[in-house]
Amino acid sequence: MLKDLSAIVTGSTSGIGLGIAEALAQAGAKVMLNGFGEASQIEQLRARIEAEAGVRIAYSAADMAQAEQVRRMVSEAEQQFGTVDILVNNAGIQFIAPVDEFPDEKWSQILAINLTSNFLAIKAALPGMKRRNRGRIVNIASAHGLIASPFKSAYVAAKHGTIGLTKTVALEVAETAITCNAVCPGYVHTPLLEGQIKEQARAHRMSEQQVVKDVILASQPNKRFIQPQELAALVLFLCSDSAASITGAALPMDGGWTAR
Ligand code: NAD
């Protein structure tokens, strides 16, 4: 389906991004992985996906908090693959604290990684997409891009911002064959969520099992975690020709959370 196309998936050494990178590769796209981790483990991951999917898989260690590194990641992908046809802005972090205790540096870091890096990567990849009149941009926002929860001021602000950015880019390129959409997951069991469960357990003085049942899945009506593969299937569909008319959308996959 994506044969001869090339993709960047930021934050794809783990969790949702890894699931998306694997799905795009299985569909035939060359993929540039990105994210942190131990060098030998990342190389194993890269080589495994390359062997399983039979497509070229590259890796960029770019830090999404550093503007110059975001730009360099896009130009390296263009040099190595020839094009960047698909950009999935997925890298993200979380920090939980009441707003009046929220550390300034955590606010800046979350805004930089979860929002500004999306703007910078889109800005760098869009000229090539426009030249070829072909492109798919998918921003991994969150249910927290649509609604808020206490103690997540920076995350909620960044994810609402991501949806605003998505809509604006979609309108700017609406007459081209480029689409820009946001996906809004509910709770997905990944390392990012593991950290949150621990932090919430401390904040609420509860056991981790209680946090999962009474805090986390309490807001998700289907009472189960979403699997990264389910999100990857949605992203794959958005990258297909069948999704050519879906643009500027913020698509929830949240087990009914935002239906309340
Ligand atoms: P994760 O922690 O499993 O993975 C995050 C990835 O981002 C990792 O590869 C990590 O190395 C990378 N990363 C972190 N900081 C980076 C930086 N500065 N530069 C480059 N890479 C960086 O998290 P996840 O749960 O898979 O989250 C992925 C995305 O999905 C995030 O944007 C997150 O906000 C969003 N999301 C997650 C959930 C959930 O429940 N897990 C729900 C809604 C939205």
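Just the heavy atoms: all of them, side chains too, but no hydrogens, waters or symmetry mates, feed the values below. Counting starts at 1 for both ligands and their atoms, following the listed order.
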Heavy-atom nearest neighbour in the protein, as seen from [atom], with distance rounded to 0.1 Å:
atom	answer
atom 40 (O) of ligand 1	Val188 N, 2.7 Å
atom 5 (C) of ligand 1	Gly92 O, 4.0 Å
atom 43 (C) of ligand 1	Pro185 O, 3.3 Å
atom 18 (N) of ligand 1	Asp63 OD1, 2.8 Å
atom 23 (O) of ligand 1	Leu192 CB, 3.1 Å
atom 24 (P) of ligand 1	Thr190 OG1, 3.5 Å
atom 16 (C) of ligand 1	Phe36 CE1, 3.4 Å
atom 12 (C) of ligand 1	Gly11 CA, 3.6 Å

What are the two closest heavy atoms between [X] and [Y], and how far apart are they?
X	Y	answer
Gln200	Val211	CB-CG1, 3.6 Å
Phe102	Ser153	CD1-OG, 3.6 Å
Val70	Ala121	CG1-N, 3.7 Å

Notebook entry, point to check: Where do Ile140 and Val235 land on the side chain to side chain contact (heavy atoms under 4.5 Å, CB included) test, with the steps shown first?
Noted result: CA-CA 9 Å; Ile140 307 303; Val235 173; 4.1 Å; yes

Please verify whether a non-hydrogen atom of [X] lies at under 4.0 Å from ligand 1.
X	value
Gly195	no
Lys159	yes
Ala62	yes
Phe225	no
Ala141	yes
Asn114	no

Item checked: N-O pairing of Glu230 and Arg224 below 4.0 Å -> yes

Those atoms of ligand 1 less than 4.0 Å from some heavy atom in [X]:
X	result
Tyr187	40 (O)
Gly35	11 (O), 21 (N)
Pro191	3 (O)
Asn90	28 (C), 29 (C), 30 (O), 31 (C), 32 (O)
Ser14	1 (P), 3 (O), 4 (O), 8 (C), 9 (O)
Ser12	9 (O)
Asn34	20 (C), 21 (N)
Tyr155	33 (C), 34 (O), 35 (C), 36 (N), 43 (C), 44 (C)

Check: If hydrogens are left out, which of Val183, Thr13, Ile16 has an atom nearest to atom 26 (O) of ligand 1, that is, the closest non-hydrogen atom?
Finding: Ile16

Notebook entry, point to check: Under 4.0 Å from ligand 1, counting heavy atoms only, is it the side chain of Ile93, its backbone, both or neither?
Noted result: side chain

Check: Should the proximity of Ile113 to ligand 1, defined as any heavy atom under 4.0 Å, be assigned to the side chain, the backbone, both, or neither?
Finding: side chain

Next item on the list: With ring pair (Phe, Tyr, Trp, His ring centres under 6.0 Å) as the test, would you mind laying out the steps for Trp107 and Phe95 before giving the verdict?
Entry: CA-CA 8 Å; Trp107 171 274; Phe95 188 83; over 10 Å; no

Next item on the list: Applying side-chain hydrogen bond (donor to acceptor under 3.5 Å, both in side chains) between Asn139 and each of Thr166, Asn90, Thr162, report the one that passes.
Entry: Thr166

Item checked: With Glu68 via salt bridge (charged side-chain N to carboxylate O under 4.0 Å, His left out) - residues at least two apart -> Arg71

Checklist line | Leu193, any N or O under 3.5 Å of ligand 1 N or O | finding: no

Please check this pair: side chain of [X] against backbone of [Y], looking for a donor-acceptor N/O pair closer than 3.5 Å.
X	Y	result
Asp85	Gly135	no
Glu50	Arg56	no
Gln210	Ser207	yes

Notebook entry, point to check: Side chains of Gln94 and Lys106: donor-acceptor distance under 3.5 Å anywhere?
Noted result: no

Item checked: Pair Gln196-Leu192, side chain to side chain contact (heavy atoms under 4.5 Å, CB included): steps then yes or no -> CA-CA 7 Å; Gln196 258 190 75; Leu192 181 139; 3.6 Å; yes

Checklist line | Side-chain touch Cys184/Thr258, heavy atoms, less than 4.5 angstrom | finding: no

Donor-acceptor pairs are to be reported for all side-chain atoms of residues 21-29 against protein atoms at under 3.5 Å, with residues two or more places apart or in another chain.
from	atom 1	to	atom 2	distance (Å)
Glu22	OE2	Arg48	NH1	3.0
Glu22	OE2	Arg48	NH2	2.7

